[in-house]
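Step one of this worksheet: look at the structure below.
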Amino acid sequence: MRSLFLNAPKPANRAAMSQMQTIHAAFTQKVDAVLAALEAEGTLPPDCPRGNVTVEPPRDPSHGDLATNAAMVLAKQAKTNPRELAGKIIEKLSADPIVTSAEIAGPGFINLRLSDETWLAELRAIADLGADYGKSAMGGGKTVNVEYVSANPTGPMHMGHCRGAVVGDALASLLEFSGHKVIREYYVNDAGAQVDVLARSAHLRYREALGEDIGAIPEGLYPGDYLVPVGKALADEFGDSYAGTPESEWLSLFKARASGAMMDMIRDDLALLGICHDVFSSEVELQAAGKPEKAEEWLRSKDLVYDGMLEAPKGKTLDDWEPVELPLFRSTRFGDDQDRPIKKSDGSWTYFGADLAYHFQKSQDADALVDIWGADHSGTVKRIKAAVAAMTGDAGSPIPFEVKLVQMVQLLRGGEPVKMSKRSGTFVTLADVVREVGKDVVRFTMLTRKPEAQMDFDFAKVVETSRDNPVFYVQYCHARVRSTIRKAEAEGIAPSPEDLSVLGPEELELIKLAAQFPRIVEAASAAREPHRIAFFLQELAAGFHAYWNLGNDRPEKRFIVVNNVNLSCARLFLAAQIGQLVTNGLALLGVVAVEEM
RNA sequence: GCGCCCGUAGCUCAGUCGGAUAGAGCAUCAGAUUCCUAAUCUGGGGGCCACAGGUUCGAAUCCUGUCGGGCGCACCA
């Protein structure tokens, strides 16, 4: 039997290998070096900005493997025309042995083809790096705090929270993979008025558990059954000590117990999706530590908080509008439309007042902040960005801070909207959906649209096992790879990189597609858009399935070619690396690459 | 009234830092199954990138305006 690639010697220094440059990054540097050389010899003016120069695969593969716009971008500065400058760049690039052709095209593009060996080396790199292929040092070890989910602890997770949870989690993984340290954080709003309502609702269930007939749940309290066990637990713990006592004696205790129970439930729901946060920050604790007071004091010292009146909102009529003097943050100085109150007239903190202090707290342990919010909070983006700019920008530049808005998901079943009513408590919970269609389907589907676009989630469609369901399409690709390798191994043939020179144009095309993964990772990470990984995986799967089908009519194009062990080993090696890539990509999305289907 | 997001093929959507003849799936039409998983693939037809200006070598992409859809506009969260 031939040597298995599984037994092949591993690179001596894996850490060094994982820093190894991918083909696109390496070639970008080569182009840059050529431009530097032209600058040195005076063809280009000194210190000429090269930021707009790109090196990327052309849209039309017939144009070559890579293309650069360098000549077009720099021609004006070089006081020449693009095609002439392109000629000079080509002269130098052609000297590189991995460049097999370089030509001027169109208005001044430079199209390049690289040697087959260069691409085969990239295929070996996938095998050598395995799960690390595609990793990037782009982040430079900077710490990014990603705050996502942060649902109020007043009930179970429902589908409204789901998309933000998945997008945030995939983004966190993506940032890690591209060289950042990531803090996955959840802000627990356990101090607001809604938690008072929760505590009163729990108190009702507590009395119920003690045997009292509570009748219908009054308007304004949470009617959901999920509070029944909370009431039971409170009854078990405290007996009837708080059954007839005034609210002031039990409210804070019941708030803590009930919100704690809700958070346990939410953690369980998130675990169903494979989501686990590093840090849960409590608003109650934030306030107990006096963080909002400190923020207010500091902002007042900078004249960024003052006592003033709010104007009545325009465009809608309020019956009970009364002007009141409140401490206001000067968010208008940072681009907001209106200054925003940090305290209510009863002296307690507004959501914003606490959130401002919370974001300052996060900024102390991170180099950049990302918040994932539902689109229904879009109106408050400006004020929080203003707050972060004010509180972190005093001594230089403010901490980079982005708010990513995730649009709503409409639930459908066979094209018909699923009816939900918050009032009666009959909303579709996350747990229900995961139980019905599975974690992988939920996660992948949530990432098949860009987050800022609205999407439909149709129970009937997401479980279809067909081409129009991207989850299955991608997973099927991996399952096919694995089953082929299993079959081959049963016949005594295993993937091997020993002689890859037998691979032809179709295989090289697939390798070139696969080799784009590292730059897709970097682009997706830079744009904070994990859905790009999902789209790349669909493209990769399509390429693999197309290649596979060459073998339908032509047995000599199959992975396992009768009486040609050499070719079979090389093709199986290719298949194994496509499988590896699918595994790596799916891992970023938190989806399992299945062995068989 | 104001702010944010969206507008790309009949439908659902991609489109990288502004780049070459704007892509994919579905649907539709024409084909492929003695096959390593056809849960797949090949090909055809289908476009005023909402509209109008602007910026430049070049715009679906950037800027301004208009129209259409969604979300938001309390001391709520």
For this session: Tell me what Asn69(A) touches on the nucleic acid: a base, only sugar-phosphate, or nothing, going by heavy atoms under 4.0 Å.
Result: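 The answer is base, as Asn69(A) lies within the cut-off (heavy atoms under 4.0 Å) of a base atom.
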Exercise. So what does Phe352(A) touch, heavy atoms closer than 4.0 Å: a base, only the sugar-phosphate, or nothing?
Worked result: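 Nothing: the residue Phe352(A), judged by heavy atoms under 4.0 Å, touches no strand.
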When the [atom1] atoms of [N] and [M] are considered, how many whole Å apart are they?
| N | M | atom1 | answer |
| --- | --- | --- | --- |
| rG45(B) | rA22(B) | P | 14 Å |
| rC5(B) | rG44(B) | P | 39 Å |
| rA52(B) | rA9(B) | P | 16 Å |
| rC6(B) | rA50(B) | C1' | 12 Å |
| rC17(B) | rU33(B) | C1' | 46 Å |
| rC62(B) | rC49(B) | C1' | 16 Å |
| rG69(B) | rA24(B) | P | 32 Å |

For this session: Could you tell me whether the side chains of Tyr358(A) and Glu185(A) share a donor-acceptor contact shorter than 3.5 Å?
Result: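 Yes, Glu185(A) and Tyr358(A) have a side-chain donor paired with an acceptor closer than 3.5 Å.
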Below 4.0 angstrom from OP1 or OP2 of [N], is there any side-chain N or O of [X]?
| X | N | result |
| --- | --- | --- |
| His161(A) | rA77(B) | no |
| Lys344(A) | rC76(B) | yes |
| Lys461(A) | rC11(B) | no |
| Ser345(A) | rC75(B) | no |
| Arg83(A) | rC57(B) | no |
| Arg449(A) | rC13(B) | yes |

With distance as the sole criterion, do the side chain of [X] and the base of [N] form a donor-acceptor contact below 3.5 Å?
| X | N | result |
| --- | --- | --- |
| His377(A) | rA77(B) | yes |
| Thr54(A) | rC17(B) | no |
| Arg519(A) | rU16(B) | yes |

Problem set entry | Pairing string, 5' to 3', for RNA chain B - Watson-Crick or wobble contacts under 3.5 Å, brackets [ ] where pairs cross, | to another strand | (((((((..((((.....[...)))).(((((.......))))).....(((((..]....))))))))))))....
For this session: Verify the neighbour count for atom NZ of Lys461(A): are there more than 12 heavy atoms of other residues, nucleotides or ligands below 6.0 Å?
Result: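 12 or below, so no.
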Exercise. Taking atom CD of Glu509(A) as the centre, does the number of heavy atoms from other residues, nucleotides or ligands within less than 6.0 Å exceed 12?
Worked result: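 Count not over threshold, so no.
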Problem set entry | Listed partners of Gln410(A) passing side chain to side chain contact (heavy atoms under 4.5 Å, CB included), at least two apart |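 Checked Gln410(A) against side chain to side chain contact (heavy atoms under 4.5 Å, CB included); matches are Leu412(A), Pro417(A), Asp456(A).
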Under 4.0 Å between a Lys/Arg side-chain N and an Asp/Glu carboxylate O for [X] and [Y]?
| X | Y | value |
| --- | --- | --- |
| Asp458(A) | Arg413(A) | no |
| Lys450(A) | Glu529(A) | no |
| Asp355(A) | Lys362(A) | no |

For this session: In whole angstrom, give the distance that lies between atom CZ of Arg554(A) and atom P of rC41(B).
Result: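 Rounded to whole Å, this separation is 17 Å.
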Problem set entry | Whether Trp548(A) and Phe559(A) hold their rings parallel, tilted or perpendicular, with breakpoints at 30° and 60° |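 Rings of Trp548(A) and Phe559(A): tilted, as their planes differ by 30° to 60°.
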For this session: Name every residue in residues 535-550 of chain A that has at least one heavy atom under 4.0 Å from any atom of RNA chain B, in order of residue number, or write none if there are no such residues.
Result: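 Of all residues in residues 535-550 of chain A, the ones placing a heavy atom under 4.0 Å from RNA chain B are Phe535(A), His545(A), Ala546(A), Trp548(A), Asn549(A).
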For this session: Scan Asp339(A), Asp336(A), Asp337(A) and name whichever one has a salt bridge (Lys or Arg N to Asp or Glu O under 4.0 Å) with Lys382(A).
Result: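 Output: one option passes, namely Asp337(A).
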Exercise. Of the nucleotides rC76(B), rC35(B), rA14(B), which has the atom closest to the Thr350(A) side chain?
Worked result: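 The listed nucleotide nearest to Thr350(A)'s side chain is rC76(B).
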Exercise. Side chains of Glu595(A) and His478(A): closer than 4.5 Å at any heavy-atom pair?
Worked result: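 In contact.
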